[in-house]
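A, B, ... follow the sequence lines: proteins, then strands. Residue 1 opens every chain.
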Protein chains: 2
Amino acid sequence: MNDKDTRTRILDVAQDLIQRLGVNAMSYQHISDAVGIRKASIHHHFPAKEDLVQALVERYNGFFLEVVDGILASEADAPTKLARYIGLFEATLSESQGDKVCLCAMLGAELTTLGSASAASVRRFFAENEDRLIVILEQGRQEGSIRFAGDPRHIARMIVSLLEGAMLVSRTTGGLPYLVSVRDGLLDLLVH
Amino acid sequence: MNDKDTRTRILDVAQDLIQRLGVNAMSYQHISDAVGIRKASIHHHFPAKEDLVQALVERYNGFFLEVVDGILASEADAPTKLARYIGLFEATLSESQGDKVCLCAMLGAELTTLGSASAASVRRFFAENEDRLIVILEQGRQEGSIRFAGDPRHIARMIVSLLEGAMLVSRTTGGLPYLVSVRDGLLDLLVH
DNA sequence: GTCTATAGCGCGATAGAC
DNA sequence: GTCTATCGCGCTATAGAC
């Protein structure tokens, strides 16, 4: 872990803190304590807090969407791809014993306190996920494995909202089992 | 508006600020500016910030659940009740031109920075909504107006998560129209 | 690239007069 | 119940030595 460069270690720690506490409760002092360098050194890498947040969302978008594209490119049927996609959110909740939410769910909540560049990146995260879910849904409709009547975009938006919301609610109520029951509710309606 | 007592005006302003900015970006100074009294006077009504937040969630729970109980008690069929229920969330987004989210969505995001009493009240908000949605879903299943296969609790949790999440995502992308498309996605799957 | 030191501000909270 | 005044702290950010 300590063989990563300092910039990466700062980003890792900052992301963890934001996912647990939110942007406005996270501070350079917290990062300083966790990484083991002084506050001023963090400012060398990220002059202003907004620079740090912006770099963080961009990195997160890149990582996350790359994994999603891997799921899209696989040979599986649509319900399997959807289950794997949902698994990404389950993994976030599991890795933290239930007190981390999706970075963009947190930033979406605190959106009005963000700089405009960061806000735009959060917006892009949701839009890109929506587009990829539409691909899965259309595959499912074509192969007859997923059933819905109307616009796939509506269903895709529903799924994005559902997963982001489920992470927030899960953290108050039951952790991972709650998210699993939300997943089961969705699959109940979508795959039958 | 100014004929309300000071305590109520403080709560009104604080709720508006939290729904827009979050708990950790809202301050006694902001409230002071908006209400027109000094910071020290706010501390007279709510000695600590946690007291204010706790009173706010309790009041919100009372107001919100009373309205929901009114919907449950009406004579309408289940899809109509569900549409009215979703309308409560649409109203929040509309009244603020799209930059206010459900109080408990915001507090759910910042949950780990809340006092334990406030956190418990947020938890109760989600649980009470879940219970009431189950009543609507069972009515719909019985009258044949709503179709789902499995546990109504799963569907209810899905709907709670979906609405809380949709408010966050709507704020980044398109405001009310986004929330409407999420609603249409849900009804597409549930009522057919 | 990391450090010490510090500026300058806003925060929650309290004391005590009126 | 509201005020003035203030305390002590943590915050973001900067200057300048090493």
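Looking only at distances, no side-chain donor or acceptor of Ser161(A) sits under 3.5 Å from a matching main-chain atom of Met158(A).
Evaluation of the salt bridge (charged side-chain N to carboxylate O under 4.0 Å, His left out) test over residues 147-168 of chain B, restricted to residues two or more places apart or in two chains, returns Glu130(B)-Arg153(B), Glu130(B)-Arg157(B), Asp131(B)-Arg153(B). Applying the salt bridge (charged side-chain N to carboxylate O under 4.0 Å, His left out) rule to pairs touching residues 170-183 of chain A yields Glu90(A)-Arg183(A), sequence neighbours excluded.
In 5' to 3' order, the nucleotides of DNA chain D bounding all contacts with chain B (an atom under 4.0 Å from a heavy atom) are dG1(D) to dT4(D).
The aromatic rings of Phe89(B) and Phe64(B) sit perpendicular, their planes meeting at an angle over 60°, well past the 30° parallel limit. Taking the six-membered ring where tryptophan is involved, the planes of His43(B) and Tyr28(B) are tilted, since the angle between them lies from 30° to 60°.
Scored by the side-chain hydrogen bond (donor to acceptor under 3.5 Å, both in side chains) test, His30(A) finds Ser27(A) as partners (sequence neighbours excluded).
Across residues 15-23 of chain A, not one residue has a non-hydrogen atom less than 4.0 Å from an atom of DNA chain C. Residues from residues 45-54 of chain A with heavy atoms under 4.0 angstrom of DNA chain D, sorted by number: Pro47(A), Ala48(A), Lys49(A).
Of all the heavy atoms in Val23(A) and Lys49(A), the pair that sits closest is O-NZ, 3.0 Å.
Residues Gln19(B) and Gln15(B) bring a donor and an acceptor atom of their side chains to less than 3.5 Å of each other. A donor and an acceptor atom, one from each side chain of Gln142(B) and Glu138(B), are nowhere located under 3.5 Å apart. Side-chain contact annotation: Ser181(B) with Asp184(B), donor-acceptor N/O pair under 3.5 Å absent.
When the side-chain nitrogen and oxygen atoms of Ser27(B) are compared with OP1 and OP2 of dG10(C), none of them lie within a distance under 4.0 Å.
Between the CZ atom of Arg38(B) and the C1' atom of dA13(C) there is a distance of 16 Å, rounded to whole Å. Note: CG (Asn24(A)) to C1' (dG10(C)) measures 13 Å, nearest angstrom.
Both Thr6(B) and Lys39(B) lie close to DNA chain D; mapped to their nearest nucleotides by heavy-atom distance, the more 5′-ward contact belongs to Thr6(B).
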